[in-house]
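Computed over heavy atoms, backbone and side chain alike; hydrogens, waters and symmetry mates excluded. Index from 1, following the sequence.
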Amino acid sequence: MRVAVVGAGVSGLTATKCCMDEGLEPTCFEQSQDIGGLWRYTEHIEPGRPSLYASVISNSSKELSAFSDFPYPEDFPVFLPHAKLLDYLRRYANHFGIMEHIKLGTTVVSIRKRPDFATTGQWDVVTEADGKHTSYVFDAVMVCTGNFPEPTIPLHSFPGIKRFKGQYFHSRQYKRPDVFKGKRVLVVGMGNSGVDIAVEASHVATKVTVSTRRGAWVLGRVFEHGYPWDVVFNTRLMSLIRNNLPGPLARALINYSVNKRFNHENYGLQPEKSCLVREPVLNDDLPSYILTGRITIKPGVKEFKDNSVVFHDCPEEEPIDIVVFCTGYDASFPFLEEKIVKVENKHACLYKYVFPTHLQKPTLAVLGLIRPLGGIMPVIEMQARWAARVFKGLCQLPPQSVMEKEVNEKKKNQVKWFGLSFDEVLKTEWLAYLDMLASFIGAKPSVPRLLFRDPRLAFTIFFGPCTPYQYRLEGPGRWEGAQQAILTQWDRILKPTKTRVPASTSSPYPSLLIVMGFLLLLAALYFGFP
């Protein structure tokens, strides 16, 4: 079975490898001259390709960002600069022989259903390389172009921007802070990129202001007891607690947790509706920079004037020289017919965030179009593992009506729960989503079975961070090194930080929490926890 993979970034590399694992024949098309996608930093901006700023660092820690059968080298830092992450992707590609399946410098021009698609599920794929078009026939397609292809600047939402005499640009164009030297800078939007850029600008700018309509929860990469945030947050114990508490109590717990480091209201950061779950901003510097006056937080922009801006609920004008719009991206699939993957308000309607619901044959999958509250790489890998088995006929999708109903219900529920606009329903619960896809392919770990067979491993899986190696303990794609990778995960987490003294395995969980978690585990076993 021949599979076309579009893109050789994180998604495309693991998609190609997962196809190889299932005995499929992948061909990966990459329009640029190298692999890495988003994580391959260049000083110039390439059309149709994501762009990073020079100082970018991963938001998820290395142990929870690894592919499930390929741990990071233990001496890599816990959070990864783009160069280290690209190095890891190159090692992954070379280790598994992925490069021989990649065609670099090849743009996918179009993907169309063949006339006999209803019976064969096949696709006509046209590519371009060196000005020459080539046509192929593939049995299946994996779209791996990510969710950062087309930057969005909704200028119609900012009255007066056309008369503004200063400079403005989208965050995609930002590379280094030199452009802000001696300037008064306004950053519009408070996602991770916006806060990173504001922090960097404050080192050289005369003044930095961040405008946010809704506010945001701000977490540090350095979390409780100095451990990485996701190592503490994304555990089976914590997920069990979060997902089984009554709604008001769960939201109160979240409010308490995020305000424990500092009171967001005192810093002008409290989300507009604090009872709702929001995607957190990860930055260790912002609170101290607000305290020292290097960054000022303001409400949404009301209008721009020639050399200034007016904010809602703030009568005075604020002089500015440069505006950086950190206003997100649009999902875009220019090589597909619009009816194949329907995009509305930046959102593609996909079953489990992967499969179009209306195709007669499930032979097209979209990977990486999701924003989990955790590392994206294990999620994409799990999507690819599932998609490859669907293509092969080893996993079945529900009827079209069932899939469409679920997609519509999920939109409603997530808008209600997260308080998000329609274009933001890509956010989802990281561990629950991984477990769901793993259960589809028979790779979800069973804590009860492990408890009787290997208690130490079971406790590490339940109380410790949910590292991706858990999904290689059993089922298809089982990896012999998974158990050892799990039992040594703390060594790899701590070694880069313990450079003055020998690293020793440790746990971030106080004994009381372990006791409570053990009681929860017993209760879960009693009530049939899988």
Side-chain angles (χ1 to χ4, degrees), residues 60-80 88 91-92 95-96 223-240 374-375 377-379 381-382 385 430-431 434-435 438-439 442-499 501-511 513-518 520-522 524-525 529-530:
S60 55
S61 63
K62 68 176 182 179
E63 286 302 295
L64 279 87
S65 299
F67 292 123
S68 59
D69 54 359
F70 194 72
Y72 281 86
E74 61 179 13
D75 59 342
F76 271 38
V78 178
F79 290 95
L80 299 146
Y88 172 76
R91 293 175 187 231
Y92 178 76
H95 180 79
F96 291 109
F223 208 59
E224 294 176 1
H225 306 288
Y227 292 98
W229 76 273
D230 50 358
V231 164
V232 178
F233 185 82
N234 280 325
T235 71
R236 293 190 175 278
L237 169 61
M238 296 307 295
S239 181
L240 186 66
M377 291 165 68
V379 170
E381 181 192 33
M382 190 63 73
R385 291 175 69 184
W430 186 79
L431 179 51
L434 277 172
D435 272 356
S439 67
K444 179 183 175 183
S446 172
V447 176
R449 282 204 302 270
L450 285 172
L451 193 59
F452 292 104
R453 193 174 72 215
D454 190 335
R456 181 189 175 199
L457 182 61
F459 271 68
T460 303
I461 285 175
F462 186 73
F463 291 103
C466 184
T467 46
Y469 326 119
Q470 295 186 13
Y471 300 106
R472 293 284 181 176
L473 288 169
E474 52 191 70
R478 184 176 179 275
W479 173 44
E480 291 296 331
Q483 177 178 351
Q484 183 64 16
I486 293 168
L487 295 177
T488 56
Q489 59 197 15
W490 280 108
D491 297 331
R492 289 187 300 278
I493 291 170
L494 294 174
K495 182 169 183 178
T497 63
K498 286 197 162 187
T499 53
V501 293
S504 59
T505 303
S506 181
S507 168
Y509 304 105
S511 57
L513 190 56
I514 290 179
V515 172
M516 291 175 60
F518 181 65
L520 277 171
L521 178 57
L522 291 178
L525 290 172
F529 177 64

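Scanning all heavy atoms of the two residues, the minimum distance from Y88 to M377 falls at CE2-CE, 3.5 Å. Considering all non-hydrogen atoms of both residues, W479 and P71 come closest at CH2-CD, 3.7 Å. Of all heavy-atom pairs between P476 and R385, the closest is O-NH2, 2.9 Å. Taking every heavy atom of both residues into account, V447 and A458 meet most closely at O-CB, 4.0 Å. In terms of heavy-atom proximity, P468 sits nearest to S68 at O-CB, 3.3 Å.
Taken from CD1 in I461 to CD1 in I486, the straight-line distance is 4.5 Å, to the nearest 0.5 Å. In this structure, OG on S60 lies 9.5 Å from CG on N234, to the nearest 0.5 angstrom. In this structure, C466 SG and Y471 OH are separated by 4.0 Å, a value rounded to the nearest 0.5 Å. Note that NE2 of H95 is 7.5 Å distant from CG of D69, once rounded to the nearest 0.5 Å. The structure places CD1 of I493 at 7.0 Å from CG of L64, a figure rounded to the nearest 0.5 Å. With rounding to the nearest 0.5 angstrom, the CD atom of Q483 is 8.5 Å from the CZ atom of R456.
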Given the rule in the side chain to side chain contact (heavy atoms under 4.5 Å, CB included) test, do Y227 and L494 qualify, once you have shown the distances and angles that lead to the verdict?
CA-CA 9 Å; Y227 292 98; L494 294 174; 4.3 Å; yes
Set out, in order, the CA-CA distance, both residues' side-chain angles and the distance that settles ring-ring contact (aromatic ring centres under 6.0 Å, His included) for Y92 and F67, then state yes or no.
CA-CA 9 Å; Y92 178 76; F67 292 123; 4.1 Å; yes
Would L431 and R236 count as a side chain to side chain contact (heavy atoms under 4.5 Å, CB included) here? Give the steps.
CA-CA 8 Å; L431 179 51; R236 293 190 175 278; 4.0 Å; yes
Check the pair F462 / L450 against side chain to side chain contact (heavy atoms under 4.5 Å, CB included), numbers first and verdict last.
CA-CA 10 Å; F462 186 73; L450 285 172; over 6 Å; no
Walk me through it: do F70 and F96 pass the test side chain to side chain contact (heavy atoms under 4.5 Å, CB included)?
CA-CA 10 Å; F70 194 72; F96 291 109; 3.9 Å; yes
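Side chains of S61 and D230: a donor-acceptor N/O pair is present below 3.5 angstrom, by distance only. Side-chain contact annotation: Y469 with E63, donor-acceptor N/O pair under 3.5 Å present.
Annotation: side chain of W490 is in contact with side chain of P465 (closest heavy-atom distance under 4.5 Å).
Side-chain atoms of T488 do not come within 3.5 Å of backbone N or O of D491 as any donor-acceptor pair.
When each of R492, K498, K62, K495 is checked for a salt bridge (charged side-chain N to carboxylate O under 4.0 Å, His left out) with E74, only K495 meets the rule.
In this structure, R472 does not pair ionically with E474, as no charged nitrogen and carboxylate oxygen lie closer than 4.0 Å.
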